[in-house]
Amino acid sequence: MPVFQLSRRGVLLGAIGLVWSGAALAGEITVSAASSLTNALKEVAQRFEQQHPGSKVLLNFGASGALLQQMAKGAPVDVLASADQETMDQAAQQGLILTSGRRNFVRNTLVVVVPAGSTRSMRGLQDLTQPAVQKVAIGNPASVPVGRYSQRALEAAKLWPAVQAKAIHTQNVRQSLDYVARGEVEAGFVYHTDALVQKGKVHVAFTVPLAGIIHYPIAPAANSSHIVEARQFVNYVLSPAGQAILAQHGFLKP
């Protein structure tokens with residue numbers, strides 16, 4: 001009899017432990033976001049957790065296209081924030097996001113940066129064809145939004161073939177930024193907000209003219225196990241408090 005009671009007690013404690021474990025995870029959400037949002041969303045997540053006791057935000061950064069592939073393969077994601085509309089459109093077409101919760105939350109601009117100590121004069125895309133410019137960091141257009149923006153701008157200026165021959169394709173915009181900061185390339189295409197992150201090591205040579213606006217969309221994932229918290233996070237990003245943090249990191253209002 002004592003053995004039976006001890007066994008029941010052990011099972012009961014185990015069950016309680018599982019309940020506590022589930023409760024601890026109840027407010028945990030995973031946010032997959034474009035690499036250019038790294039610094040800003042880390043601060044946003046910290047403030048969100050302070051405003052929502054018991055909530056925990058796990059951040060997963062990468063190229064928007066790579067994040068989409070992860071979701072398509074079943075990676076547990078509660079919120080997706082991409083650097084372009086194309087990626088979010090594909091996510092919607094594949095039924096990976098709740099389209100009713102999709103919102104544009106910031107804008108950005110495309111710039112060309114050079115190492116801080118560079119003495120080369122660059123004022124426009126044409127200058128990237130100079131013989132002295134041998135390597136240009138460009139995100140892979142197949143999966144990196146900044147690469148697609150860059151390619152389209154160069155195509156519009158009829159310079160894509162010339163610059164493509166010098167292109168060092170990167171996996172995300174932060175890798176392009178790092179290459180420039182370390183002086184491994186003569187120039188690189190990044191967002192204005194990325195240039196601010198390494199403002200002591202890179203210099204903005206010029207802003208790249210684009211036919212459209214770079215809008216960043218955000219949306220809850222369709223298969224989120226924590227949809228309430230996911231919606232709360234999206235709402236916080238769109239709130240005055242969230243927007244103020246994003247603005248401090250150089251992002252523009254949507």
Student: Any carboxylate oxygen within less than 4.0 angstrom of a Lys/Arg side-chain nitrogen, looking at K42 and E49?
Tutor: no

Student: To check you understand the geometry: which heavy-atom pair defines the closest contact between A187 and L128, and what is its length?
Tutor: CB-CD2, 3.9 Å

Student: For Y191 and V111, indicate whether the former's side chain and the latter's backbone hold a donor-acceptor pair under 3.5 Å.
Tutor: no

Student: Check this for me: Q85, atom CD, are more than 12 non-hydrogen atoms of other residues, nucleotides or ligands nearer than 6.0 Å?
Tutor: yes

Student: Do you know the tightest heavy-atom contact between A205 and V114?
Tutor: CB-CG1, 4.2 Å

Student: Check the hydrophobic clustering (I, L, V, M, F, W, Y; side-chain heavy atoms under 4.5 Å; chains of links allowed) and say if I138 and L210 are grouped together.
Tutor: yes

Student: Do H192 and N108 have side-chain heavy atoms sitting under 4.5 Å apart?
Tutor: yes

Student: When rounded to the nearest 0.5 angstrom, what is the spacing between CG in L125 and CH2 in W160?
Tutor: 11.5 Å

Student: Report the distance from atom OG1 of T193 to atom CG of L246, rounding to the nearest 0.5 Å.
Tutor: 10.0 Å

Student: Out of curiosity, does M88 fall in the hydrophobic cluster containing Y149 (side-chain heavy atoms, cut-off under 4.5 Å, transitive links)?
Tutor: no

Student: I'd like to know if the side chain of D127 and the backbone of R123 have a donor-acceptor N/O pair within less than 3.5 Å.
Tutor: yes

Student: Would you check, one step at a time, whether the test salt bridge (Lys or Arg N to Asp or Glu O under 4.0 Å) holds for D89 with R102?
Tutor: CA-CA 10 Å; D89 288 344; R102 176 177 175 173; 2.9 Å; yes

Student: What side-chain hydrogen bond (donor to acceptor under 3.5 Å, both in side chains) pairs are there with at least one residue in residues 70-83, not counting sequence neighbours?
Tutor: N60-Q70, D78-S224

Student: Roughly how far, to the nearest 0.5 Å, is CD1 of I29 from CD1 of I227?
Tutor: 9.5 Å

Student: What heavy-atom pair brings P254 and Q243 nearest, and what distance separates the two atoms?
Tutor: CD-OE1, 3.5 Å

Student: Nearest heavy-atom pair of N104 and P217: which atoms, and what distance?
Tutor: OD1-CB, 3.6 Å

Student: Which atoms form the tightest heavy-atom contact between A63 and V144, and what is the distance?
Tutor: CB-CG2, 3.8 Å

Student: Should Q248 and E43 count as side-chain neighbours, where that means a heavy-atom distance under 4.5 Å?
Tutor: yes

Student: Can you name the closest pair of heavy atoms from P115 and V185 and give their distance?
Tutor: CG-O, 3.7 Å

Student: Please check: side-chain N/O of T38 versus main-chain N/O of S35, any donor-acceptor pairing under 3.5 Å?
Tutor: yes

Student: For the hydrophobic clusters of this structure (ILVMFWY residues joined by side-chain heavy atoms under 4.5 Å, transitively), does one cluster hold both L59 and Y236?
Tutor: yes

Student: Does one hydrophobic cluster hold both F206 and V173, with members joined at side-chain heavy-atom distances below 4.5 Å?
Tutor: yes

Student: Checking F251 against Y216 for the ring-ring contact (aromatic ring centres under 6.0 Å, His included) test, could you report, in this order, the C-alpha distance in whole Å, the side-chain angles of both residues, the deciding distance, and whether it holds?
Tutor: CA-CA 10 Å; F251 289 95; Y216 284 50; 5.7 Å; yes

Student: If you define the side chain from C-beta out and look only at heavy atoms, does anything of F61 sit under 4.5 Å from N172?
Tutor: no

Student: Could you go through the side-chain contact (heavy atoms from CB on, under 4.5 Å) check for E229 and E28 one step at a time?
Tutor: CA-CA 8 Å; E229 291 85 357; E28 185 176 272; over 6 Å; no

Student: Without swapping roles, check the side chain of E186 against the backbone of Q134 for a donor-acceptor pair under 3.5 Å.
Tutor: yes

Student: Roughly how far apart are E86 CD and L68 CG, rounded to 0.5 Å?
Tutor: 10.0 Å

Student: Would the number of heavy atoms belonging to other residues, nucleotides or ligands and lying under 6.0 Å from CZ of R47 be above 12?
Tutor: no

Student: Look at K201 together with D178 and state whether they make a salt bridge at an N to O cut-off of under 4.0 Å.
Tutor: no

Student: Going by distance alone, is a donor N or O of one side chain under 3.5 Å from an acceptor N or O of the other, for Q90 and Q94?
Tutor: no

Student: Would you kindly confirm whether V79 and V106 end up in one hydrophobic cluster when ILVMFWY residues are joined by side chain heavy atoms under 4.5 Å apart?
Tutor: yes

Student: Quick one: are D194 and R174 in side-chain contact, heavy atoms under 4.5 Å?
Tutor: yes

Student: For S64 and A34, indicate whether the former's side chain and the latter's backbone hold a donor-acceptor pair under 3.5 Å.
Tutor: no

Student: Treating R107 as the side-chain partner and K253 as the backbone partner, does any N or O pair qualify as donor plus acceptor under 3.5 Å?
Tutor: yes

Student: Distance check, rounded to the nearest 0.5 Å: S32 atom OG versus I218 atom CD1?
Tutor: 11.0 Å

Student: Between CD1 of I245 and CD of Q46, what distance do you get to the nearest 0.5 Å?
Tutor: 8.5 Å

